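First comes the structure, then the notes that go with it.
Every value quoted in this text rests on a predicted model; they were computed, and no experiment measured them.
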Amino acid sequence: MGTLTSCSFSTATFRFRSRPVGNDFRQRIHLFNITSKNLCFLCSKKQVSSGSFGRFRCFSTNGNGDKNEGEESSLVKDSNSKTATMPEEAEEELDSDKDPPAPVSSRPPSISPIGPGYNNFQVDSFKLMELLGPEKVDPADVKLIKDKLFGYSTFWVTKEEPFGDLGEGILFLGNLRGKREEIFAKLQSQLTEIMGDKYNLFMVEEPNSDGLDPRGGPRVSFGMLRKEVSEPGPTTLWQYVIAFLLFLLTIGSSVELGIASQINRLPPDVVKYFTDPDAIEPPDMGLLFPFVESALPLAYGVLGVQLFHEVGHFLAAFPKKVKLSIPYFIPNITLGSFGAITQFKSILPDRRTKVDISLAGPFAGAALSCAMFSVGLLLSSNPDAAGDLVQVPSMLFQGSLLLGLISRATLGYAAMHAATVPIHPLVIAGWCGLTTSAFNMLPVGCLDGGRAVQGAFGKGALSGFGLTTYTLLGLGVLGGPLSLPWGLYVLICQRSPEKPCLNDVTEVGTWRKTVLTVAIFLVVLTLLPVWDELAEELGIGLVTTF
């Protein structure tokens with residue numbers, strides 16, 4: 001598609017000099033013929049007499065629709081000027097009766113139908129975006145850093161590109177002249193000496209690289225961002241208020257889960273209202289108050305798993321001097337809680353730190369959940385603890401292949417094939433905790449699993465894992481009935497990948513990748529529901545009918 005010629009105008013006043021009619025009139029006719037044959041007199045090189053009318057600019061196009069560089073001209077230089085520029089061929093026509101020259105362009109000059117008002121609005125929009133956007137790197141600082149920071153012995157810069165989500169930084173591309181970790185540490189130290197604490201330096205993989213570095217590993221580049229742009233902001237008062245309100249709602253959902261676990265003891269009117277789709281009139285909720293006290297142990301177990309999860313994050317972050325935000329708990333009536341959103345409040349130094357902090361939370365929560373689940377199963381098979389058991393439908397054990405198999409091995413075939421199964425409340429608390437930990441370990445977005453995969457295998461691998469996870473959640477293959485609400489939660493709150501580390505290139509090591517791979521495999525087994533035929537074959541929670 002061709003490019004429309006655009007002209008910008010300012011206030012102008014014309015003054016014309018009168019001349020006698022005669023040969024001059026004929027010469028003016030020739031001049032009109034010249035200009036009417038696609039020769040824009042605004043883009044001339046010579047000067048003829050005229051009046052002053054401000055600045056008149058023209059950007060003509062060539063035959064390909066591109067703007068001709070160097071053809072910008074001014075009809076009058078300033079308000080005091082008495083000369084105007086004209087084509088050299090036109091001035092020669094004024095001096096002789098020669099035929100007019102051939103036109104310089106095959107396309108007539110045209111003016112954008114949109115008009116200068118739209119162009120001015122477009123320029124103002126770009127200026128407004130620059131004012132509202134993050135502050136960019138100072139060009140003078142870029143030149144200083146390029147001259148004093150980089151060099152033959154460290155990193156030879158060959159190209160510069162925008163860096164950051166909005167292009168607010170600078171990415172230096174070039175050739176590495178040594179071991180990347182040693183050079184990066186040296187450049188960070190020198191940057192602090194030159195610029196103080198004004199900028200952060202990132203070592204990232206070179207985008208669109210054609211090959212690997214001759215010394216092994218990917219080719220690297222160095223990005224630079226202002227500290228106030230790259231570092232997360234402090235927690236605000238409103239964020240504390242929101243976190244507190246969400247924690248109260250999570251307490252309520254955990255107590256509700258404890259009450260629902262006593263379904264065989266609840267009044268029939270309450271059970272009918274929550275289980276019968278045709279029930280319309282709500283019962284007296286005051287009937288539930290006597291069951292709140294007996295629901296507290298299960299609520300404590302669910303909340304304890306979530307708090308232990310967050311403690312794991314903080315214990316892993318403290319030695320690395322990484323700051324974390326307060327947790328934003330997400331209530332859920334089925335599991336008590338969907339976990340919590342915890343943000344990084346400082347830039348991570350390297351990918352190992354990202355993997356360690358990300359895995360510490362789910363591993364801590366899963367360890368406590370596994371302990372409660374195991375103790376609960378042992379108590380469920382103990383006849384002396386029959387008074388503390390609650391009856392749950394046997395079909396609930398079809399919600400997880402891994403946990404269903406463990407329950408089947410502990411409780412036995414006969415117990416699992418009854419209409420209801422008596423279990424200790426710790427089994428429910430451990431089951432919910434393990435399920436929540438597994439959901440948070442899914443390799444997608446900004447979840448703990450997504451952060452760990454991004455740190456261990458890179459952002460490209462996270463995209464592939466994320467697409468697969470979204471597909472399995474959408475088909476209900478993972479999570480069963482909870483797949484849709486969890487998928488919506490991830491899309492709304494946790495879909496964006498984590499920002500890069502300062503050193504986003506150095507590998508995390510084989511054992512971290514191995515641990516993460518095994519963890520994801522266990523996550524799939526935990527969230528994989530058991531269909532009826534397989535449940536009957538394995539003896540997991542399906543009542544045999546004849």
Side-chain angles (χ1 to χ4, degrees), residues 254 257-258 261 297-316 327 329 332 334-340 355-382 385 388-390 392 396-412 415-416 421-443 447-449 452 478-480 482 486 511-512 514-530 538 540-541:
S254 301
L257 175 64
S261 66
L298 178 57
Y300 292 152
V302 172
L303 291 174
V305 170
Q306 304 308 320
L307 292 175
F308 215 66
H309 180 118
E310 299 307 315
V311 169
H313 282 314
F314 280 91
L315 289 179
F329 291 95
N332 179 263
T334 304
L335 298 175
S337 174
F338 261 159
V355 173
D356 293 345
I357 297 176
S358 300
L359 293 181
F363 282 10
L368 180 59
S369 300
C370 186
M372 290 192 298
F373 183 70
S374 302
V375 172
L377 287 177
L378 293 177
L379 292 176
S380 301
S381 58
N382 186 3
D388 298 329
L389 305 183
V390 294
V392 298
L396 291 180
F397 291 90
Q398 293 181 231
S400 170
L401 176 60
L402 178 61
L403 302 183
L405 286 173
I406 296 175
S407 301
R408 161 71 175 80
T410 305
L411 300 179
M416 295 289 290
V421 181
I423 57 175
H424 195 274
L426 282 176
V427 175
I428 302 176
W431 185 296
C432 293
L434 288 170
T435 304
T436 302
S437 299
F439 271 124
N440 280 274
M441 270 299 296
L442 286 176
L447 297 175
D448 292 328
L478 293 179
L482 292 174
W486 180 260
W511 75 269
R512 285 184 174 86
T514 303
V515 169
L516 178 58
T517 303
V518 173
I520 293 178
F521 177 72
L522 294 177
V523 164
V524 174
L525 292 181
T526 302
L527 297 179
L528 188 66
V530 185
L538 299 176
I540 299 176

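The closest side-chain heavy-atom distance from Leu411 to Ile423 is below 4.5 Å.
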Please evaluate residues Met416 and Thr410 with respect to the criterion side chain to side chain contact (heavy atoms under 4.5 Å, CB included), reporting the C-alpha separation (whole Å), side-chain torsions for both, the decisive distance (0.1 Å), and the verdict.
CA-CA 10 Å; Met416 295 289 290; Thr410 305; over 6 Å; no
Side chain to side chain contact (heavy atoms under 4.5 Å, CB included), that's the test. Do Leu527 and Leu442 meet it? Break it down for me.
CA-CA 10 Å; Leu527 297 179; Leu442 286 176; 3.9 Å; yes
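Under the 3.5 Å distance criterion, the side-chain polar atoms of Ser381 are matched with a main-chain donor or acceptor of Leu378. No donor-acceptor pair under 3.5 Å is formed between the side chain of His424 and the backbone N or O of Ser380.
In this structure Ala340 satisfies the side-chain contact (heavy atoms from CB on, under 4.5 Å) test together with Glu310, Pro327, Phe329, sequence neighbours excluded. For Arg408, the salt bridge (charged side-chain N to carboxylate O under 4.0 Å, His left out) test picks out no residue, with sequence neighbours left out.
Each of Asn332, Leu447, Thr435, Leu335 was evaluated against Trp486; a single residue qualifies, Leu447, per the side-chain contact (heavy atoms from CB on, under 4.5 Å) test.
Considering all non-hydrogen atoms of both residues, Leu389 and Leu379 come closest at CD2-O, 4.2 Å. Between Ala452 and Val355 the shortest heavy-atom distance is O-CG2, 3.7 Å.
Taking CG of Leu426 as the reference point, atom OH of Tyr300 lies at 14.0 Å (rounded to 0.5 Å).
For the 3.5 Å distance criterion, the side chains of His309 and Asn440 fail to qualify, holding no donor opposite an acceptor.
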N/O donor to acceptor pairs below 3.5 angstrom from side-chain atoms of residues 364-376, sequence neighbours left out:
{"unit_1": "Ser369", "atom_1": "OG", "unit_2": "Gly365", "atom_2": "O", "d": "2.8"}
{"unit_1": "Ser374", "atom_1": "OG", "unit_2": "Cys370", "atom_2": "O", "d": "2.8"}

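Under a cut-off of 6.0 angstrom, the local environment of CZ in Phe314 is crowded, with over 12 non-hydrogen atoms contributed by other residues, nucleotides or ligands. Annotation: Phe363, atom CZ; neighbour count of heavy atoms from other residues, nucleotides and ligands within 6.0 Å is above 12.
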